[in-house]
There are 2 protein chains.
Amino acid sequence: MARKTEARRKELREALILIAERTIAAEGLSALRARDLAKEAGCAVGAIYNVFGDLTDLALAVNARTFHRLGADVAEALADAPTDPVEQLVVMGQAYHRFAAANHNSWRALFDIERAPGEAAPDWYLAEMGRLFQYISDPLAALFPKHSAADLTLLTRALFSSVHGIVLLGLDEASAGVPSDDIDRMIALVLRQFAGSQ
Amino acid sequence: MARKTEARRKELREALILIAERTIAAEGLSALRARDLAKEAGCAVGAIYNVFGDLTDLALAVNARTFHRLGADVAEALADAPTDPVEQLVVMGQAYHRFAAANHNSWRALFDIERAPGEAAPDWYLAEMGRLFQYISDPLAALFPKHSAADLTLLTRALFSSVHGIVLLGLDEASAGVPSDDIDRMIALVLRQFAGSQ
DNA sequence: GCTAGCGTTGAACTGCGTTCATTTGAAAGG
DNA sequence: CCTTTCAAATGAACGCAGTTCAACGCTAGC
């Protein structure tokens with residue numbers, strides 16, 4: 001019986017993640033509703049809470065998948081990139097932009113989850129973030145061989161944050177959305193200027 | 001009679017803005033509740049809706065004030081800054097950081113308001129944003145006299161977004177908050193590197 | 001079959017923003 | 001003054017969320 005239950009829960013868990021993923025992608029994080037989920041999954045509302053602590057946990061599970069896809073996209077872009085470290089940075093920045101634009105709602109959900117104050121980010125979040133940072137810090141280490149590890153960490157964070165900021169404000173239609181080409185141009189501008197000048 | 005009513009509404013409007021401002025500053029945007037507001041203001045819940053269309057309108061009124069304070073802080077920092085354009089950019093970036101850190105909840109509320117899809121940002125938002133952009137584009141124009149106006153606009157946006165991204169992720173405690181000094185260092189790094197190397 | 005006990009269920013609870021039938025009170029007219 | 005009138009203020013009620021838990025039903029072991 002323990003087996004049966006566990007298997008059923010696992011099945012429900014995965015079904016719920018898929019439905020939530022589709023909902024968030026199509027209508028955004030705020031469209032995630034317990035009753036709608038239950039109806040779509042063909043289960044009771046309470047069943048959701050047998051499998052996830054609350055809806056935020058479910059959204060976090062979706063975010064883990066989104067973050068993973070993002071990482072994969074960036075890695076793929078990097079694989080096809082030239083060997084020049086500066087160009088690698090530019091390619092990755094623009095891959096980040098492409099992912100955010102193509103998965104706007106899902107990407108926004110990564111940052112829109114209300115975090116309980118004082119609560120640390122989940123492990124997978126930090127791990128995935130670390131993976132992204134590694135992609136950035138490798139070309140930077142090649143560009144700045146003299147810098148200390150601490151300096152490289154700071155540089156990495158600064159560049160990631162800069163690209164993130166450019167994409168975030170660029171895609172925000174409220175501030176009169178910026179054309180996609182302009183976003184790519186800004187990313188290239190900042191990264192080339194930064195890393196190009198030794 | 002018309003006078004009396006109008007005066008009372010204006011008074012209530014301002015009282016509500018002050019209470020909401022205090023609430024948002026102390027506990028964040030999500031702590032804004034109609035019933036609490038009414039209790040604090042000594043009015044009926046319905047009275048709020050005689051003065052504001054909904055709670056979002058009230059939050060926007062608070063945001064207008066916050067944005068104005070932010071602009072004033074940056075302008076003040078600029079007034080005390082050296083004449084070197086690069087240093088002016090650095091000083092402004094760090095003033096932005098200081099404001100965000102010292103007014104975390106209020107600053108976050110500027111970007112956390114759920115915007116109706118397709119709805120443009122309010123005029124005051126665009127106007128205040130334009131003021132900030134002007135502060136940035138002036139030193140940039142001095143640094144890059146050869147660039148076209150369109151290029152300067154792009155540069156301005158790119159640098160603002162970069163600083164915003166650095167502050168946003170740096171202050172986000174979920175991703176293991178970055179020490180304040182490191183944030184300042186990253187801002188200086190990006191801006192000096194960018195603007196310093198002609 | 002029977003029953004003990006655990007997993008599932010969905011009605012009910014709480015708390016939110018928002019509305020609107022009712023009440024109130026101020027101004028105009030007698 | 002008192003009465004009439006009507007717009008503005010009121011707060012109980014509504015709709016809609018997330019979450020809970022007493023009751024139900026299924027399954028496994030006898």
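These numbers were taken from a predicted model, which means no experiment stands behind them.
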When you compare the side chain of Thr153(B) with that of His147(B), does any pair of heavy atoms fall below 4.5 Å?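 They are not in side-chain contact.
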
Using the side-chain heavy atoms of Val45(A), tell me which of these nucleotides is nearest: dG17(C), dT9(C), dG10(C). dG10(C)

Options dA9(D), dT19(D), dG11(D), nucleotide nearest the side-chain atoms of Asn50(B): dA9(D)

With heavy atoms under 4.0 Å as the rule, sort Leu32(A) into base, sugar-phosphate or nothing.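 Result for Leu32(A) = sugar-phosphate.
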
Please report, rounded to the nearest Å, how far the [atom2] atom of [N] is from the [atom1] atom of [X].
{"X": "Leu12(B)", "N": "dT10(D)", "atom1": "CG", "atom2": "C1'", "answer": "13 Å"}
{"X": "Lys39(B)", "N": "dG17(C)", "atom1": "NZ", "atom2": "P", "answer": "14 Å"}
{"X": "Leu29(B)", "N": "dG17(C)", "atom1": "CG", "atom2": "P", "answer": "11 Å"}
{"X": "Leu55(B)", "N": "dG17(C)", "atom1": "CG", "atom2": "P", "answer": "5 Å"}
{"X": "Leu37(B)", "N": "dT18(C)", "atom1": "CG", "atom2": "C1'", "answer": "14 Å"}
{"X": "Tyr49(B)", "N": "dT19(C)", "atom1": "OH", "atom2": "C1'", "answer": "9 Å"}
{"X": "Asp57(B)", "N": "dG17(C)", "atom1": "CG", "atom2": "P", "answer": "14 Å"}
{"X": "Ile48(A)", "N": "dT8(C)", "atom1": "CD1", "atom2": "P", "answer": "13 Å"}

State whether the distance check finds a donor on one side and an acceptor on the other, under 3.5 Å, for side chain Arg35(A) versus base dG18(D). yes

May I ask you to check whether Trp107(B) and His164(B) place their ring centres under 6.0 Å from each other? yes

What is the minimum heavy-atom distance between Leu12(B) and Cys43(B), and which atoms define it?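 Looks like CD1-SG, 4.0 Å.
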
Kindly determine whether Tyr49(A) and Leu55(A) satisfy side-chain contact (heavy atoms from CB on, under 4.5 Å), including the steps that lead there. CA-CA 8 Å; Tyr49(A) 294 87; Leu55(A) 286 195; 4.1 Å; yes

Between Asp36(A) and Gly46(A), which residue's closest nucleotide on DNA chain D lies nearer the 5′ terminus? Asp36(A)

Taking for each residue the nucleotide of DNA chain D bearing the nearest heavy atom, is the 5' side occupied by Arg33(A) or by Gly53(A)? Arg33(A)

Walk me through it: do Asp182(B) and Arg185(B) pass the test salt bridge (charged side-chain N to carboxylate O under 4.0 Å, His left out)? CA-CA 5 Å; Asp182(B) 279 358; Arg185(B) 215 167 289 142; 2.9 Å; yes

